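Here the structure is a predicted model, which is why all the values come from computation and not from measurement.
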Amino acid sequence: GVSLLFLTIMGFSYWWPGRKRLKQGFRVKLDGSNDLRWRTLHRAVGGGVALILLMSATTGVLMVWKEQVRTGMNLVATTESRPSPKVAKSDGATMLPVDPLIARAKAAYGDTPLRQLRFSSGGRVVAVFLGSNHTIRADGTNQVYFNRYDGRELAHYVAGRQSGGAEFLDWVYTVHTGLWGGAVTQAIMLLTGLALFGMALSGLWLWFTRTRRDRTRKAARASNQQEK
């Protein structure tokens, strides 16, 4: 992620033609050598996807260092973490069925669709994930954590009702994966990923051809000097 961020910034600064010559930055020269066509295509595609790559790289770095970022944000204002309650094992105790706990979560936090169930502490804690009715974030959920021994609610995390810092960190994943705009933005992120792969291949090819030309020129100069 850091490497991609660095390469994107460097590539964009190298490509930037200036505001008055912006159209030239997207011009692909089809007449000329193969090297010229590939070089101008490489630059045009790079300029076109630079901002998306910058967004992807930045959000990727934030995802990797999420807890460090949260720690820094906590110095300014409270930024909640997602709950991770624990329940100790109780020999002989039976666990409650999940369906009544789902019904309780819906009654307390909104009758929205069940997204998923997650179990922890050896199945002694169940997290009920419901669709959130408090945020426009596509993957936002109302998370309710229950003790399966006695049915007590241990914690909850409601998207759209957290602090600004927590909401920001939750949006990072949504933006990074393209979920924020549905199928359209997901398709854009997919095409950008394919473009990045293509640019990596074309970049290697351009480097190879330039290196080969330089070697050929040096060999020709050396041959001419020997003949003299």
Return yes if some donor-acceptor pair links the side-chain N/O of [X] with the main-chain N/O of [Y] below 3.5 Å, else return no.
X    : Y    : value
R124 : S121 : yes
T141 : L130 : no
T79  : G165 : no
Q186 : G178 : no
E80  : S163 : yes
T135 : G140 : no
E167 : G160 : yes

Is the shortest side-chain heavy-atom distance between [X] and [Y] below 4.5 Å?
X    : Y    : result
L154 : V87  : yes
L117 : F129 : no
L196 : L4   : yes
L169 : M73  : yes
R148 : V98  : yes
T209 : W205 : yes
V158 : H134 : yes
M199 : V45  : yes

Which atom of [X] lies closest to which atom of [Y], heavy atoms considered:
X    : Y    : value
N147 : Y149 : OD1-N, 2.7 Å
M10  : S13  : O-OG, 2.7 Å
P83  : Y157 : CD-CB, 3.7 Å
S120 : P85  : OG-O, 4.2 Å
R70  : S81  : CD-OG, 3.1 Å

Quick note, salt bridge (charged side-chain N to carboxylate O under 4.0 Å, His left out) partners involving residues 11-29, not counting sequence neighbours, are none

Applied to residues 91-107, the side chain to side chain donor-acceptor pair (under 3.5 Å) test, sequence neighbours excluded, yields none

Here the ring-ring contact (aromatic ring centres under 6.0 Å, His included) pairs for residues 80-126, sequence neighbours left out, are Y109-H156

ring-ring contact (aromatic ring centres under 6.0 Å, His included) pairs touching residues 65-93, sequence neighbours excluded, are none

Around atom [atom1] of [X], are there more than 12 heavy atoms of other residues, nucleotides or ligands at under 6.0 Å?
X    : atom1 : result
F26  : CZ    : yes
I136 : CD1   : no
W180 : CH2   : no

Interatomic spacing from [atom1] in [X] to [atom2] in [Y] - rounded to 0.5 Å:
X    : Y    : atom1 : atom2 : value
E67  : N74  : CD    : CG    : 9.5 Å
Y173 : R137 : OH    : CZ    : 10.5 Å
D139 : T177 : CG    : OG1   : 6.0 Å
R115 : N142 : CZ    : CG    : 9.0 Å
L179 : T174 : CG    : OG1   : 6.0 Å
R43  : L206 : CZ    : CG    : 11.5 Å

Residues at least two apart in sequence or cross-chain that pass salt bridge (charged side-chain N to carboxylate O under 4.0 Å, His left out) with R82, listed by chain then number, are D170

> Ring centres of F12 and W15 under 6.0 Å apart?
Replying inline: yes

The test is side chain to side chain contact (heavy atoms under 4.5 Å, CB included); show your working for F146 and V128 and say whether it passes. CA-CA 8 Å; F146 291 103; V128 179; 4.1 Å; yes

Going by atom types alone, do Q116 and R118 pair a side-chain donor with an acceptor below 3.5 Å? yes

Next on the checklist: Using the rule that Ile, Leu, Val, Met, Phe, Trp and Tyr join whenever any side-chain heavy atoms are under 4.5 Å apart, tell me whether V126 and Y145 fall into a single cluster.
Outcome noted: no

* To do: Answer with yes or no whether the hydrophobic clustering places L191 together with V184; edges join I, L, V, M, F, W, Y residues whose side-chain heavy atoms lie under 4.5 Å apart.
  => no

Can you list, pair by pair, the side-chain donor-acceptor contacts under 3.5 Å of residues 46-63, counting residues two or more places apart and other chains?
residue: T58; atom: OG1; partner: L54; partner atom: O; Å: 2.7
residue: T59; atom: OG1; partner: M55; partner atom: O; Å: 2.8
residue: T59; atom: OG1; partner: S56; partner atom: O; Å: 3.1
residue: T59; atom: OG1; partner: H176; partner atom: ND1; Å: 2.8

